[in-house]
Amino acid sequence: MLNNIVKRRMRLKPLTETEIDIIRSATKLFLQNGYTQTTFKMIEADSGVKVGAITYHFHSKEEMLQILIEELMDYHAGLIDDMHDDMQSALMAYAMEIAVQVALCENNRNAWDLYYSGYSLPLTYEHIKGWAAEKNYSLLGSRLPDWTESDFRDKEVIASGIELAALKTFCDRGFTLDKKISLCLDSMMMLYEIPKAERQEVIQKILLRDYKKIAKDMFDKFVKRLDNDIVN
């Protein structure tokens with residue numbers, strides 16, 4: 001998967017061997033320790049590249065995180081395609097991808113730190129919004145023939161805010177994961193003018209699935225593929 005990251009970057013601007021070493025170490029450490037806990041000194045120790053040289057190539061941690069977020073969003077796109085094939089429903093695939101993300105971040109603190117940072121920081125937030133708007137236009141555009149791509153981008157400003165709000169508050173005995181997912185999905189589908197009865201039907205179907213296992217398997221597969229690519 002790191003090869004995918006490098007190839008994508010190469011299309012925009014050739015990467016030096018030093019930059020590839022930095023990306024490799026930063027990506028690994030973000031996944032192992034979370035974005036917040038990873039420091040430039042940790043990247044220096046893992047990559048062998050001095051902090052001064054790291055900041056010459058990447059002015060902030062966020063620039064390095066954006067590279068990983070881009071790869072993660074591409075991975076989500078493949079996940080959605082698989083869900084669409086499995087469920088034979090664009091709306092169910094849309095809802096399940098959101099439920100999986102919420103469940104993953106509830107149960108995996110490093111994953112939570114990665115997603116929360118992605119939604120909170122300006123560069124990565126803009127990329128996530130743009131990616132999500134394109135994804136939603138592809139999935140839901142046929143249901144909303146009068147909407148333009150610009151309409152979907154506008155809606156995503158609010159939809160991404162709902163997802164960030166879901167990430168900000170962890171569940172407890174009264175605010176269960178089922179409830180969080182239900183409220184999140186209901187609010188987001190309402191933005192896209194999904195009728196109430198259909199929203200409720202979709203939510204019930206999602207809650208009957210083992211979304212916690214799907215979330216764990218999804219992230220484990222992402223990390224494993226990345227680990228294997230780093231080793232290779």
Peer 1: Are K196 and D186 side-chain neighbours, meaning at least one heavy-atom pair lies under 4.5 Å?
Peer 2: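 In short, these two side chains do not touch, never coming nearer than 4.5 Å.
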
Peer 1: Under a plain distance cut-off of 3.5 Å, with no hydrogens placed, do N110 and Q32 share a side-chain donor-acceptor pair?
Peer 2: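 Absent: no donor and acceptor within the cut-off.
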
Peer 1: In terms of heavy-atom contacts, does CZ of F175 have more than 12 from other residues, nucleotides or ligands at under 6.0 Å?
Peer 2: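 More than 12 heavy atoms, drawn from other residues, nucleotides or ligands, come within 6.0 Å of this atom.
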
Peer 1: Taking atom CD of Q101 and atom CE of M218, what is their separation to the nearest 0.5 Å?
Peer 2: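 Answer for the CD-CE pair, Q101 versus M218, is 7.5 Å.
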
Peer 1: Might you work through the side-chain contact (heavy atoms from CB on, under 4.5 Å) test for K216 and N107, ending with a clear yes or no?
Peer 2: CA-CA 9 Å; K216 183 180 184 303; N107 294 305; over 6 Å; no

Peer 1: I'd like to know if Y56 and I20 are part of one continuous hydrophobic network [Ile/Leu/Val/Met/Phe/Trp/Tyr, side-chain heavy atoms within less than 4.5 Å].
Peer 2: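 In one cluster: no.
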
Peer 1: Which atom names give the shortest non-hydrogen contact between I69 and G118, and what distance separates them?
Peer 2: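 Distance-wise, the nearest heavy atoms are CD1-CA, 4.2 Å.
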
Peer 1: Given the rule in the side-chain contact (heavy atoms from CB on, under 4.5 Å) test, do Y137 and W147 qualify, once you have shown the distances and angles that lead to the verdict?
Peer 2: CA-CA 9 Å; Y137 179 72; W147 286 29; over 6 Å; no

Peer 1: Are more than 12 heavy atoms from other residues, nucleotides or ligands located less than 6.0 Å from atom CD of E198?
Peer 2: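 It does: E198 CD has more than 12 such atoms within range.
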
Peer 1: Is it the case that the side chains of Y119 and E163 hold a donor-acceptor pair, with the cut-off being a distance below 3.5 Å and no angle test?
Peer 2: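 Their side chains do contain a donor-acceptor pair, which is all the 3.5 Å distance test asks for.
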
Peer 1: Output the distance between atom NZ (K50) and atom OG1 (T18), rounded to the nearest 0.5 Å.
Peer 2: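 Atom-to-atom, K50:NZ and T18:OG1 are 13.5 Å apart.
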
Peer 1: Could you check whether any side-chain heavy atom of I54 comes within less than 4.5 Å of a side-chain heavy atom of E44, counting everything from C-beta outward?
Peer 2: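 They are in contact (side-chain heavy atoms under 4.5 Å apart), so the answer is yes.
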
Peer 1: Say you draw a straight line from CE of M73 to CG of L79; how long is it, rounded to the nearest 0.5 Å?
Peer 2: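 The distance works out to 10.5 Å.
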
Peer 1: Looking at every non-hydrogen atom in both residues, tell me the closest pair between M83 and E97 and how far apart they are.
Peer 2: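 Heavy atoms of M83 and E97 come nearest at SD-N, 3.8 Å.
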
Peer 1: Does the gap between the ring centers of W112 and F170 come in under 6.0 Å?
Peer 2: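 Yes.
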
Peer 1: Has T38 got a side-chain atom pairing as donor or acceptor with G34's backbone, closer than 3.5 angstrom?
Peer 2: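 Yes, the answer is positive, given that a donor and an acceptor are paired below the 3.5 Å cut-off.
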
Peer 1: Salt-bridge test for K212 and E106: reply yes if a basic N is under 4.0 Å from a carboxylate O, no otherwise.
Peer 2: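 No, no charged N to carboxylate O under 4.0 Å.
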
Peer 1: Measuring from atom CZ of F30 to atom CG of L72, what distance do you get when rounded to the nearest 0.5 angstrom?
Peer 2: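 Separation between the atoms: 13.0 Å.
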
Peer 1: Looking at every heavy atom in both V100 and A215, which two are closest together, and how far apart are they?
Peer 2: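 Distance-wise, the nearest heavy atoms are O-CB, 3.4 Å.
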
Peer 1: Looking at side-chain heavy atoms only, is the closest gap between E63 and L123 below 4.5 Å?
Peer 2: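 A side-chain contact under 4.5 Å exists here.
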
Peer 1: Would you check if there is a donor-acceptor pair between the side chains of D113 and T36 at a distance under 3.5 Å?
Peer 2: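 The answer is yes; a qualifying pair exists.
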
Peer 1: List the steps and the verdict of side-chain hydrogen bond (donor to acceptor under 3.5 Å, both in side chains) for D178 and Y211.
Peer 2: CA-CA 10 Å; D178 275 3; Y211 58 77; 2.4 Å; yes

Peer 1: Please state whether the rings of Y75 and F222 are parallel, tilted or perpendicular, taking 30° and 60° as the class boundaries.
Peer 2: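 Aromatic pair Y75/F222 classed tilted.
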
Peer 1: Evaluate the side-chain proximity of C184 to I98: yes if any heavy-atom separation is below 4.5 Å, no if none is.
Peer 2: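 Sidechains of C184 and I98: in contact.
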
Peer 1: I'd like to check Q66 versus Y125 (side-chain heavy atoms, cut-off strictly below 4.5 Å). Are they in contact?
Peer 2: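 A side-chain contact under 4.5 Å is absent here.
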
Peer 1: For the residue pair H76 and F219, is the inter-centroid distance of their aromatic rings smaller than 6.0 Å?
Peer 2: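 When the ring centroids of H76 and F219 are compared, they turn out to be at least 6.0 Å apart.
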
Peer 1: For residues I194 and L91, determine if any side-chain heavy atom of one lies less than 4.5 Å from a side-chain heavy atom of the other.
Peer 2: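 A side-chain contact under 4.5 Å exists here.
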
Peer 1: Heavy-atom distance under 4.5 Å between the side chains of L191 and I162, does that happen here?
Peer 2: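 L191 reaches I162 side chain to side chain.
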
Peer 1: What's the spacing between I67 CD1 and E19 CD if we round to 0.5 Å?
Peer 2: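 Atom-to-atom, I67:CD1 and E19:CD are 8.5 Å apart.
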
Peer 1: Looking only at side chains, do T148 and D151 share a donor and an acceptor under 3.5 Å apart?
Peer 2: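 Yes, because at least one side-chain N or O of T148 sits under 3.5 Å from a partner of the opposite role on D151.
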
Peer 1: Please give me the minimum heavy-atom distance between A90 and H84, naming the atom from each residue.
Peer 2: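 What the structure gives for the nearest pair is N-NE2, 3.5 Å.
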
Peer 1: Within the 4.5 Å heavy-atom criterion, are T176 and K180 side-chain neighbours or not?
Peer 2: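 Heavy-atom side-chain distance check fails, nothing below 4.5 Å.
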
Peer 1: Is there a path of hydrophobic side-chain contacts, each under 4.5 Å between heavy atoms, that joins L183 and Y115?
Peer 2: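 L183 does not cluster with Y115.
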
Peer 1: Does the ring of Y35 carry K61 above it, NZ/CZ under 6.0 angstrom from centre and within 45° of its axis?
Peer 2: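 Here K61 passes the 6.0 Å and 45° test against Y35.
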
Peer 1: Got a donor-acceptor contact below 3.5 angstrom from the S47 side chain to the I22 backbone?
Peer 2: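 No; judged by distance alone, with no hydrogens or angles, the pair does not exist.
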
Peer 1: Can you tell me if N136 and Y94 form a side-chain donor-acceptor pair at under 3.5 Å?
Peer 2: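 Judged by distance alone, the side chains do not pair up.
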
Peer 1: Please lay out, stage by stage, how K205 and E201 fare under the test side-chain contact (heavy atoms from CB on, under 4.5 Å).
Peer 2: CA-CA 6 Å; K205 287 180 178 178; E201 180 182 0; 3.3 Å; yes

Peer 1: In sequence, state the C-alpha distance, the side-chain angles, and the governing distance for D21 and T16, and then conclude on side-chain contact (heavy atoms from CB on, under 4.5 Å).
Peer 2: CA-CA 9 Å; D21 288 341; T16 66; over 6 Å; no

Peer 1: Has T27 got a side-chain atom pairing as donor or acceptor with R24's backbone, closer than 3.5 angstrom?
Peer 2: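 Answer holds: no.
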
Peer 1: I'd like to know if K213 pairs up with D217 as an ion pair, taking the criterion as any Lys NZ or Arg NE/NH1/NH2 lying under 4.0 Å from an Asp or Glu carboxylate oxygen.
Peer 2: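 Judged by the 4.0 Å cut-off on N to carboxylate O distance, K213 and D217 do form a salt bridge.
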
Peer 1: Could you pull out the closest heavy-atom pair between F40 and F58, with the gap in Å?
Peer 2: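 Smallest heavy-atom distance, with atoms named: CE2-O, 4.5 Å.
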
Peer 1: Would a hydrophobic clustering, with Ile, Leu, Val, Met, Phe, Trp and Tyr connected at side-chain separations under 4.5 Å, put I203 with I214?
Peer 2: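 I203 clusters together with I214.
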
Peer 1: Check this for me, if you would: do R153 and E156 make a salt bridge, where the nitrogen-to-carboxylate-oxygen distance has to be below 4.0 angstrom?
Peer 2: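 Judged by the 4.0 Å cut-off on N to carboxylate O distance, R153 and E156 do not form a salt bridge.
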
Peer 1: What I want to find out is whether K155 reaches E193 closely enough, with some N-O distance under 4.0 Å, to be called a salt bridge.
Peer 2: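 Not counted as a salt bridge, because no side-chain N and carboxylate O are separated by less than 4.0 Å.
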
Peer 1: Say whether I206 and M190 are linked into one hydrophobic cluster, either directly or through other cluster members, by side-chain heavy-atom distances under 4.5 angstrom.
Peer 2: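 Unlinked, I206 and M190 end up in two clusters.
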
Peer 1: Please report the closest heavy-atom contact between S117 and T124, naming both atoms and the distance.
Peer 2: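 Reported closest heavy-atom pair: O-OG1, 3.6 Å.
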
Peer 1: Rounded at 0.5 Å granularity, tell me how far CG in L65 sits from OG in S60.
Peer 2: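 It is 9.0 Å, given to the nearest 0.5 Å.
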
